[in-house]
Amino acid sequence: MSSSANPATKPSSHGNREWMQYVEDFRRAAHESVDWIAEYLVNTRDYPVVAGTIPGALVDALPPSGPERGESFEAILRDFREKVIPAVTHWNHPGFMAYFATTGSTPAILGEMLAAALNTNGLHWKTSPALVELEQVSLGWLRDWMGLPRNWFGMVFDTASTGSMHALAAAREFVAPEARENGTPPGLVMYTSEQSHSSIEKGAIAIGIGQKNVRKVPTDAEFRMDARALAQLVERDVQAGLRPFCAVATVGTTSTTSIDPVNAIADIAEHHGMWLHVDCAYAGSAAVIPEFQWILEGAWRADSLVVNPHKWLMTNIDLSAFYTRRPEILRRAFSLVPDYLKNQEDPRAINLMDYGVPLGHRFRALKFWFVLRYFGRERLAEALRANINWAQDLAALIEQDSRFEISAPHPFSTVCFRLQTSDEENMAILEKINASGKFYISQTKLRGKTVLRVAIGNLGTTWDDVRACWEMIQASA
């Protein structure tokens with residue numbers, strides 16, 4: 001192929017030696033960086049999972065002021081290896097089993113690199129048609145794999161915290177459209193489980209609902225929202241002259257991964273004209289496994305839903321998928337187009353700036369498209385299915401040791417358990433495990449007691465890793 005047939009091989013329009021040297025410097029450093037990344041992915045276990053540094057160590061190791069003259073990639077990469085890496089806690093490590101384990105997979109890394117080179121920004125359709133339309137395609141594939149309604153509108157946010165905040169704003173617009181012009185009216189109240197993620201309450205704070213207007217609904221013995229308690233709270237508020245405007249159900253709660261009764265919550269929301277938002281940031285990914293689509297039973301009745309491919313679908317941070325069956329409400333809440341951003345009208349030209357607070361919009365969908373094509377649904381389902389099976393096997397091992405108890409149901413790849421002694425002894429186990437350099441686990445509080453959590457989800461993790469982590473916990477007890 002001639003150079004004229006390939007735009008990437010044409011001489012730069014700058015046509016000067018300085019520009020060509022600039023690009024050649026990048027080419028050499030990029031090859032070196034890719035080699036380093038490949039070695040890192042092969043030898044991740046050689047690194048301690050948790051950074052062994054102390055607060056302020058990296059700040060003190062770097063100059064207090066930026067360089068007056070530019071430095072070479074060689075010097076920058078050397079400091080990356082020698083100074084930055086020791087301060088990294090390795091979320092891409094097979095021994096990372098804290099919070100919710102993640103994977104920065106090779107197709108995602110390539111997609112991120114290419115998106116960075118393009119440096120495109122999806123303000124509206126014309127500023128980057130590929131960004132807008134690839135987002136619709138990739139989220140459409142995920143929507144179909146999860147068994148969600150095909151007419152749902154999807155868009156990418158950075159995190160579920162941002163997506164859920166937008167859901168709350170849409171809910172306010174749905175029930176109290178006067179809020180757009182006059183501000184949040186008094187008396188709006190919303191409902192969420194006492195086990196829901198803190199981002200739900202933060203979202204309420206951010207849009208002006210206020211913490212005192214967030215009702216924390218009690219949960220049952222399995223840490224699921226008690227629908228009867230929800231109904232009672234709503235009725236009490238209605239009798240008091242308040243305006244229920246949103247209910248938030250969770251599929252896969254943060255502490256225990258419990259599944260709220262979405263259908264029962266939807267009944268109450270529909271009866272009272274409330275918006276229903278479903279937070280399945282972690283567990284929603286499991287719906288790509290055909291036999292696990294039951295977890296989203298009733299979710300088709302939701303007005304919005306959020307799921308994080310950057311948690312369990314091999315996509316590096318950050319990428320959160322937000323869906324709604326009422327995009328016109330979301331658009332009504334956020335669309336504000338000054339003259340300098342006006343664009344041609346076309347029903348197929350989606351302007352993402354109209355559907356949220358951000359004007360700028362990164363090309364996050366490119367890496368996700370790479371992931372979906374590289375793995376395919378079957379391979380993703382196979383990986384998640386293995387994680388879930390290992391969690392069940394881990395729970396069986398825990399039950400065989402009479403010193404420990406299982407603290408919550410474990411329908412997915414996370415197991416909550418504790419040593420049947422004091423909170424202090426459980427925290428001592430946690431600290432020993434995390435200081436080992438081999439594994440990283442986390443903790444939570446359930447019914448007032450400290451509980452240990454092992455969350456399986458990194459692509460490089462094996463059953464041998466899970467078993468070794470458990471044996472280290474046993475030895476530390």
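For the pair E270 and R301, the salt-bridge criterion is met [side-chain N within less than 4.0 Å of a carboxylate O]. The residues R224 and D260 are annotated as not salt-bridged, no charged nitrogen and carboxylate oxygen being separated by less than 4.0 angstrom. Using a cut-off of 4.0 Å between Lys/Arg side-chain N and Asp/Glu carboxylate O, R362 and D318 are scored as salt-bridged. Classification of R403 and E425 as a salt-bridged pair fails, no side-chain N sitting under 4.0 Å from a carboxylate O. Looking at E133 and K126, no side-chain N of the basic residue comes within less than 4.0 Å of a carboxylate O on the acidic one, giving no salt bridge. Taking the charged nitrogens against the carboxylate oxygens, E471 and R467 do have a contact shorter than 4.0 Å, which makes a salt bridge. Between E135 and R364 there is no salt bridge, since no side-chain nitrogen of the basic residue lies less than 4.0 Å from a carboxylate oxygen of the acidic one.
Between the side chain of R453 and the backbone N or O of V415, no donor-acceptor pair lies under 3.5 Å. Looking only at distances, no side-chain donor or acceptor of Q293 sits under 3.5 Å from a matching main-chain atom of I289. In this structure, R215 contributes its side chain and D237 its backbone to no donor-acceptor pair below 3.5 Å. Judged purely by atom type and a 3.5 angstrom limit, S304 has no side-chain atom pairing as donor or acceptor with the backbone of Y323.
Aromatic ring centres of W470 and F404: separated by under 6.0 Å.
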Could you walk me through whether W312 and T103 pass side chain to side chain contact (heavy atoms under 4.5 Å, CB included), step by step? CA-CA 7 Å; W312 208 7; T103 300; over 6 Å; no
Check the pair I265 / M225 against side chain to side chain contact (heavy atoms under 4.5 Å, CB included), numbers first and verdict last. CA-CA 9 Å; I265 297 168; M225 184 190 289; 3.5 Å; yes
Evaluate the criterion side chain to side chain contact (heavy atoms under 4.5 Å, CB included) for residue pair R180 and E173; output intermediate values, then yes/no. CA-CA 7 Å; R180 177 183 168 102; E173 177 69 23; 3.8 Å; yes
Would you sort out whether T461 and F96 count as a side chain to side chain contact (heavy atoms under 4.5 Å, CB included), showing the intermediate values? CA-CA 8 Å; T461 301; F96 188 101; over 6 Å; no
Please determine whether side-chain hydrogen bond (donor to acceptor under 3.5 Å, both in side chains) holds for the pair N426 and Q443, giving the CA-CA distance in whole Å, both sets of side-chain angles, and the decisive distance to 0.1 Å. CA-CA 9 Å; N426 279 278; Q443 83 290 336; over 6 Å; no
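Residues V214 and T192 have side chains in contact (heavy-atom distance under 4.5 Å, counting atoms from C-beta outward). Within the 4.5 Å cutoff, the side chain of K367 has heavy atoms near those of the T315 side chain. Contact check for C280 versus L305: side-chain heavy atoms found under the 4.5 Å cut-off. Inter-residue side-chain proximity for E201 and Q211 is flagged as met; some heavy-atom pair is nearer than 4.5 Å.
Using bins of under 30°, 30° to 60° and over 60° for the plane-to-plane angle, the ring pair Y282/F412 lands in the perpendicular bin. The aromatic rings of Y40 and W36 sit parallel, their planes meeting at an angle under 30°, below the 60° perpendicular limit. Between H93 and H90, the ring planes are tilted. Angles from 30° to 60° get that label.
With a 6.0 Å radius and a threshold of 12 heavy atoms from other residues, nucleotides or ligands, Y47 has its OH atom above the threshold. Sparse packing is recorded around OH of Y99, with 12 or fewer heavy atoms of other residues, nucleotides or ligands lying under 6.0 Å away. Atom NZ of K212 sits in a sparse spot, with 12 or fewer heavy atoms from other residues, nucleotides or ligands closer than 6.0 Å. Heavy atoms of other residues, nucleotides or ligands lying less than 6.0 angstrom from CH2 of W300 number 12 at most. Counted within 6.0 Å of CZ on R228, heavy atoms from surrounding residues, nucleotides or ligands total 12 or fewer; the atom is thus considered open. Under a cut-off of 6.0 angstrom, the local environment of CD in E194 is crowded, with over 12 non-hydrogen atoms contributed by other residues, nucleotides or ligands.
Contact record, I268 with M274: O-CE, 4.1 Å, taken as the closest heavy-atom pair. For A477 against I429, the heavy-atom pair with the smallest separation is CA-CD1, 3.9 Å. The two atoms that bring L330 and A170 nearest to each other are CD1-CB, 4.0 Å, heavy atoms only. In terms of heavy atoms, D393 sits closest to W463 at CB-CH2, 3.6 Å. Heavy atoms only, all atoms of each residue included: A299 and V262 are closest at N-CG1, 3.9 Å.
Taking CD1 of I109 as the reference point, atom CG of L114 lies at 12.0 Å (rounded to 0.5 Å). To the nearest 0.5 Å, atom CG of residue D401 and atom CZ of residue F417 are 10.0 Å apart. Atom CD1 of residue I350 and atom CZ of residue R331 lie 10.5 Å apart, to the nearest 0.5 angstrom.
By the 6.0 Å and 45° rule, R150 does not stack over the aromatic ring of W152.
Checking each of F153, F334, F157 against Y355 for a ring-ring contact (aromatic ring centres under 6.0 Å, His included) leaves exactly one that passes, namely F153. Considering R447, K449, R418 as possible partners of D423, the one that fulfils the salt bridge (charged side-chain N to carboxylate O under 4.0 Å, His left out) test is R418.
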